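Here's the structure we're looking at; comments come further down.
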Amino acid sequence: VQLQASGGGLVQPGGSLRLSCAASRSINVMGWYRQDPGKQRELVASITKGGSTNYADSVKGRFTISKDNAKNTVYLQMNSLKPEDTAVYYCNARYWGREYWGKGTQVTVSS
């Protein structure tokens, strides 16, 4: 499974960004994790092929994960961004008991 992530960048507090992750095949569970230097990688949001979603408490109400099954692509719409959202974001896929990771994309929230 190959994962191609895009999006990210620099945005001011309160702004929005959208991340995309395209998988090379249909995946049951896809999601986004993030990691700050010196910290553990943490789940941001995940979505199943059936559309069930899961969010970290810190992003509920601000981030929305969605998917396009026809394109094997998952999106993370991030609104009302805060400086503490700054991190490297990683796309994740779970397929037949294995985990796959995309290259990280930097999200920086700063004025």
Side-chain angles (χ1 to χ4, degrees):
V1 176
Q2 282 83 46
L3 301 173
Q4 183 67 46
S6 61
L10 173 64
V11 64
Q12 291 187 342
S16 298
L17 282 174
R18 189 175 86 152
L19 305 181
S20 300
C21 179
S24 57
R25 63 182 309 139
S26 178
I27 301 293
N28 285 337
V29 182
M30 292 185 70
W32 289 94
Y33 285 69
R34 66 187 181 188
Q35 188 171 23
D36 249 348
K39 295 185 180 179
Q40 277 193 324
R41 193 171 293 187
E42 62 174 4
L43 174 69
V44 177
S46 64
I47 188 167
T48 68
K49 196 172 183 180
S52 296
T53 58
N54 183 40
Y55 294 94
D57 287 343
S58 59
V59 307
K60 283 180 181 176
R62 300 188 299 121
F63 291 11
T64 302
I65 191 167
S66 61
K67 61 184 178 54
D68 184 334
N69 285 335
K71 296 181 179 179
N72 297 330
T73 299
V74 64
Y75 306 96
L76 184 68
Q77 179 65 43
M78 305 184 291
N79 298 328
S80 302
L81 282 160
K82 304 176 180 180
E84 50 264 43
D85 295 317
T86 296
V88 177
Y89 284 68
Y90 295 90
C91 180
N92 171 272
R94 294 178 224 162
Y95 184 71
W96 283 99
R98 293 187 62 180
E99 282 200 304
Y100 299 85
W101 296 94
K103 288 185 179 179
T105 183
Q106 178 70 46
V107 171
T108 302
V109 185
S110 174
S111 55

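For clarity, every value in this text was computed on a predicted model and none was experimentally measured. Computed from heavy atoms alone, side chains included, the values below leave out hydrogens, waters and symmetry copies.
- Applying the ring-ring contact (aromatic ring centres under 6.0 Å, His included) test to pairs two or more places apart or on separate chains, those with a residue in residues 22-60 are Y33-W101.
- No side-chain heavy atom of T105 sits less than 4.5 Å from a side-chain heavy atom of S6.
- With sequence neighbours excluded, no residue satisfies side chain to side chain donor-acceptor pair (under 3.5 Å) with K39.
- In terms of hydrophobic clustering, with Ile, Leu, Val, Met, Phe, Trp and Tyr side chains grouped at heavy-atom distances under 4.5 Å, L17 and Y90 are assigned to different clusters.
- For R62, the salt bridge (charged side-chain N to carboxylate O under 4.0 Å, His left out) partners are D85, not counting sequence neighbours.
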Table please: side-chain donor-acceptor pairs of residues 74-82 below 3.5 Å, with sequence neighbours left out.
| unit_1 | atom_1 | unit_2 | atom_2 | d |
| --- | --- | --- | --- | --- |
| Q77 | NE2 | N79 | OD1 | 2.9 |
| N79 | OD1 | S16 | OG | 2.9 |

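- E42 meets the side-chain contact (heavy atoms from CB on, under 4.5 Å) test with R34; sequence neighbours excluded.
- Contacts classified as ring-ring contact (aromatic ring centres under 6.0 Å, His included) and involving residues 6-30 (residues at least two apart or in different chains) are not found.
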N/O donor to acceptor pairs below 3.5 angstrom from side-chain atoms of residues 18-25, sequence neighbours left out:
| unit_1 | atom_1 | unit_2 | atom_2 | d |
| --- | --- | --- | --- | --- |
| S24 | OG | Q2 | N | 2.9 |
| R25 | NE | Y95 | OH | 3.1 |
| R25 | NH2 | Y95 | OH | 3.1 |

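- Summarising the local packing, CD of Q4 is surrounded by 12 or fewer heavy atoms from other residues, nucleotides or ligands at distances under 6.0 Å.
- Qualifying side chain to side chain donor-acceptor pair (under 3.5 Å) partners for E99, counting only residues two or more places apart in sequence or in other chains: N92.
- Applying the side-chain contact (heavy atoms from CB on, under 4.5 Å) rule to N69 yields the partners K49, K67; only residues at least two apart in sequence or on another chain are considered.
- For the pair S111 (side chain) and Q12 (backbone), a donor-acceptor distance under 3.5 Å is absent.
- Residues that satisfy the side chain to side chain donor-acceptor pair (under 3.5 Å) test with Q106, not counting sequence neighbours, are T108.
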